[in-house]
**Q** 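Quick one: structure below, then a few questions.
The sequence lines fix the lettering, A, B, ..., with proteins before strands; numbering per chain opens at 1.
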There are 2 protein chains.
Amino acid sequence: MKKQGEDILKNSALSVTASRKRILEIFLDADNALAHQDIETKCADQYDRVTIYRTLQTFLEKGIIHNIPSTDNMVRYALCNDACITTGHHNDNHVHFRCDACGKTVCLDDVNIPPVNLPKGYTMKEINMVVNGICKSCK
Amino acid sequence: MKKQGEDILKNSALSVTASRKRILEIFLDADNALAHQDIETKCADQYDRVTIYRTLQTFLEKGIIHNIPSTDNMVRYALCNDACITTGHHNDNHVHFRCDACGKTVCLDDVNIPPVNLPKGYTMKEINMVVNGICKSCK
DNA sequence: ATTAAGAATGCAACTTTGTTGCAAAAGTAT
DNA sequence: ATACTTTTGCAACAAAGTTGCATTCTTAAT
């Protein structure tokens, strides 16, 4: 299990570096989505701010993580599920939940986004759904 | 029609000031959602950046505008529809659409967000749906 | 209409967040 | 082990957002 992060990097054809392994580890350990800031507080002493920005960008492009929109100017990131990473096919069709009590944002992997009918002339490429309220841990 | 902005302010128990009227006017004229930056470029010569921040904050709190989440760290704002403002009751249950071609974000007022079943233990308070793709004007 | 009280604005200073170019260091493949 | 490529850290900068306070504008009551 120690090698999990390294494997993800190799599968994505990325070179294996200490900072990438560490940031992946942070995601693997987390039970919720992380903002840039969260990651920075966990390892800014070890790695430069700029490196974190670039690493998140790289992970996004490779489909290792996906981002979750927000209304607070704090885009959050979460690991894509295994199928996503191994197949290369993206299926981030799940709902995200933000708890107003604990502030955590999580992926509800089992809750699919319901289909929507757009008006004539609109073409859908991606869809994002974020629900907030109280999570099961807080209530 | 000239008084529309002023009426909105009065209905929300806000004092009528030049900057608030101007910012409301910008929203009334716009056919898409606006980021802070958009507003700034339209009136930063007339009003201070700080005033714009505070005005948007106030409008949000009063329910005059609502915000639209994004993954690009550019929260956008749009006027709530009339019913929203007059009844004080929020019903921003519509889908938002972001066009990848023209970059505009719009409210699809006629497209309701479909219901979602959350797992046991989760309570929903708000829900947000953002679709992106190509809008009817661009294709 | 005038005025007093309260609210909003502008300014200045500051903090945080994000970006870019470049030299040094580390990783990869031979 | 070496040459080549990629990544990192640093520095400098640009942009975004925040706060306190003095001044100005609104409002409501006289």
**Q** Would you confirm whether A/Ser12, through its side chain, and A/Leu9, through its main-chain N or O, come within 3.5 Å as a donor-acceptor pair?
**A**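 No; zero donor-acceptor contacts below 3.5 Å.
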**Q** Above 12 or not: heavy atoms from other molecules or residues under 6.0 Å from CG of B/Asp110?
**A**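 Check fails, neighbour count at 12 or below.
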**Q** Please round to 10 degrees the angle between the axis of the first five pairs and the axis of the last five pairs in the helix from C/dA1-D/dT30 to C/dT30-D/dA1.
**A**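 The two end axes of the helix from C/dA1-D/dT30 to C/dT30-D/dA1 meet at 40°.
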**Q** Mark yes when over 12 heavy atoms from residues, nucleotides or ligands other than A/Asp29 sit less than 6.0 Å from its CG; otherwise mark no.
**A**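 Correct, the count exceeds 12.
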**Q** Using heavy-atom distances to pick each residue's nearest nucleotide on DNA chain C, tell me which of A/Asn73 and B/Thr58 is more 5'.
**A**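 Result: B/Thr58.
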**Q** So, does B/Thr17 get its side chain near the phosphate of C/dT9, meaning an N or O under 4.0 Å from OP1 or OP2?
**A**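 It does, given that an N or O in the side chain of B/Thr17 lies less than 4.0 Å from OP1 or OP2 of C/dT9.
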**Q** With rounding to the nearest 0.5 angstrom, report the OG1 to CG distance, B/Thr123 to A/Asn132.
**A**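 Result: 11.5 Å between the selected atoms.
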**Q** Closest-nucleotide mapping onto DNA chain C: is B/Arg49 or B/Gln46 further toward the 5' terminus? I mean the 5' end.
**A**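 Its nucleotide being nearer the 5' end, the pick is B/Gln46.
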**Q** Calculate the interatomic distance between A/Gln57 atom CD and C/dT20 atom C1'; express it in whole Å.
**A**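 For the pair A/Gln57 CD and C/dT20 C1', the rounded distance is 14 Å.
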**Q** Determine the contact category for B/Arg54: base if any of its heavy atoms lies under 4.0 Å from a base atom, sugar-phosphate if only primed atoms, P, OP1 or OP2 are that close, otherwise nothing.
**A**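 It contacts base atoms.
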**Q** Applying side-chain contact (heavy atoms from CB on, under 4.5 Å), name anything that partners B/Val75, two or more places apart in sequence or on another chain.
**A**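 Result, side-chain contact (heavy atoms from CB on, under 4.5 Å) vs B/Val75: A/Asn73, B/Asn67, B/Tyr77.
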**Q** C/dT17 P sits how many Å from B/Met74 CE, rounded?
**A**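 From B/Met74 CE to C/dT17 P: 18 Å.
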**Q** Between which nucleotides of DNA chain D, read 5' to 3', does contact with chain B run, using atoms under 4.0 Å from its heavy atoms?
**A**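 Range of nucleotides touched by chain B: D/dA16 to D/dT27.
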